[in-house]
Number of protein chains: 2
Amino acid sequence: MTVSQLSKTRHGQVYESLRGDILSGRITPGTKLPFAQLSERYGFSVGVIREALSRLVEQRLVENLPQQGFRVTSISKADLVALTQARSEIESLTLKHSMLEGDTSWQSEVLAAHFRMANTPSMDADDPDRLNEEWVEVHNAFHATLLEGCNNKRLTDICGQLRDSAELYRQWSARIGEAKKRDAAAEHQAITDAVLAGDVPLATKLLRDHIDLTTRLLLESGFVAEDS
Amino acid sequence: MTVSQLSKTRHGQVYESLRGDILSGRITPGTKLPFAQLSERYGFSVGVIREALSRLVEQRLVENLPQQGFRVTSISKADLVALTQARSEIESLTLKHSMLEGDTSWQSEVLAAHFRMANTPSMDADDPDRLNEEWVEVHNAFHATLLEGCNNKRLTDICGQLRDSAELYRQWSARIGEAKKRDAAAEHQAITDAVLAGDVPLATKLLRDHIDLTTRLLLESGFVAEDS
DNA sequence: TTAGTGCATAATTTCGAAATTTCTTGTAGA
DNA sequence: TCTACAAGAAATTTCGAAATTATGCACTAA
């Protein structure tokens, strides 16, 4: 588990570190998070760990059963479908706002974010079957930038939360080789082109297709159990 | 501050009680929430209070500045506008799903929830200038029921969170008499009729207008400061 | 074998005080 | 009068142990 020092408070450090470990898949969904283990690993008291965990609970990244401890939120086919639908509809809605409200400076940021992503190898240099962690970061930044033209902070925040939740499911798509069957680079290029051209209907449609495709490939592969 | 006993854990009790006090307006936005005062009022240690507060922070009902304590989230005109727009768009989206996916049993629940609300006086018996707390509850239940036909838990949860945030602003509309200028009962009746008739375009339009109206009246009244 | 009971163990929850940081007040100097 | 600095007060943050609750296992009876 990585330890960042951005936060002033101890529980803030644990929160950020744990959040990163969960989103990156270093700790897999369903894993139990016992106080003893965590407080030993970080060297902080249980009170500090407890606060970090409760914050993650409200973000839906961690589940808590009273008197039975905390565990990384478990994933299910039903939630994956619901999450994908919610993302698809709300992100396309927010993209529409973004394109109508965003100025030239925003457009240039989109272009820059896309360039950065296009020039980062998507697969790990050492293990070509795993995603490159740096690419995951710039990919997420690209999608965030797409929506940053939207002046409505409530909408962009909701989209951010939903994208975080979606990260929990990435291990599934990473484990199966299904992800390789698509041409993600072409999809991103098409979205960028449509956004810069100001073609709202096309851009929103492309974004929805982009979000839906990952889930569809996953479901069609039969890898995902009916419920878990 | 009321103390409910639904939760098994102490921090759960504090969380529920504090949440109710904030949503009902008994504690107003911007109010500081010092540990000493809260731990004395509830009779629990600061650790318990701290956990309840951090959970409320993640729900955006409470703000936290590191080393400077907690306070009820302050309200602003900009956020009110953003919140209203987000609610309007996402709730109407969810209502569409609800109407397309909901069955007859759901329709009967809508009818029941509307009946319950219509038969509850909206103003307090003792103080006719204040809203009746029971009406607030059944009114919220009515709006929640409207969306319960939607099978997508992610969408309905987001709508619930946004409605909670909107509650923070109710004191503004309650303080000014502006709320009386509208015929809320007629609006609710029209929405219910359209929902039961299966008229999706009409129902979603009426819901959007219903959500927008409160904010518009508030802004037109000039009561809301430019930023606070 | 199966179900139920009681005990030992392990984990979570809570407390109250100590450590740390921020806020306030008062004083001295320019 | 104003600013800068310092000491005291107040509040938040953290700790480590005690209290409470769940879990696992052996044991008994049907």
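Within every chain, numbering begins at 1; the chains are lettered A, B, ... in the order of the sequence lines, protein sequences first and strands thereafter. Side-chain atoms are counted along with the backbone in the values below, which use heavy atoms only and exclude waters and symmetry mates.
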Is B:Lys153 salt-bridged to B:Asp157, going by a charged N under 4.0 Å from an acidic O?
yes
Is any NZ, NE, NH1 or NH2 atom of the basic residue among B:Arg26 and B:Glu133 found under 4.0 Å from an Asp or Glu carboxylate oxygen of the other?
yes
Write down the distance between [atom1] ([X]) and [atom2] ([N]), rounded to a whole number of angstrom.
X: A:Leu65; N: C:dA11; atom1: CG; atom2: C1'; value: 14 Å
X: A:Arg71; N: C:dA11; atom1: CZ; atom2: P; value: 14 Å
X: A:Glu51; N: C:dT13; atom1: CD; atom2: C1'; value: 15 Å
X: A:Leu53; N: C:dA11; atom1: CG; atom2: C1'; value: 14 Å
X: A:Ile49; N: D:dT14; atom1: CD1; atom2: P; value: 11 Å
X: A:Glu40; N: D:dG16; atom1: CD; atom2: P; value: 14 Å
X: B:Leu33; N: D:dA11; atom1: CG; atom2: C1'; value: 14 Å
X: A:Leu38; N: D:dT14; atom1: CG; atom2: P; value: 16 Å

Phosphate-side-chain proximity, [X] and [N], N/O vs OP1/OP2 below 4.0 Å:
X: B:His11; N: C:dT14; value: yes
X: A:Lys8; N: D:dT14; value: no
X: B:Lys32; N: D:dT12; value: yes

Side chain of B:Phe35 only, please: which of D:dC15, C:dT13, D:dT13 is the nearest?
D:dT13
Name the closest nucleotide to the B:Phe44 side chain, picking from C:dT12, C:dT13, C:dC15.
C:dC15
Across the strands shown, which category fits B:Gly47 at heavy-atom distances under 4.0 angstrom: base, sugar-phosphate, nothing?
nothing
Hey, does B:Gln68 reach any base, or is it just sugar-phosphate, or nothing, if we go heavy atoms under 4.0 Å?
sugar-phosphate
Using 0.5 Å steps for rounding, measure from the CD atom of B:Gln85 to the CZ atom of B:Arg208.
8.5 Å
Worked check of salt bridge (charged side-chain N to carboxylate O under 4.0 Å, His left out) between A:Glu16 and A:Arg19:
CA-CA 5 Å; A:Glu16 288 173 7; A:Arg19 185 169 183 280; over 6 Å; no
Which comes earlier along DNA chain D counting from the 5' end, the contact point of A:Val46 or that of A:Gln67, where each point is its nearest nucleotide?
A:Val46
Might you confirm whether atom CD of A:Glu134 has over 12 heavy atoms from other residues, nucleotides or ligands at distances under 6.0 Å?
no
Mapping A:Arg10 and A:Phe70 to their closest nucleotides on DNA chain C, which lands nearer the 5' end?
A:Phe70
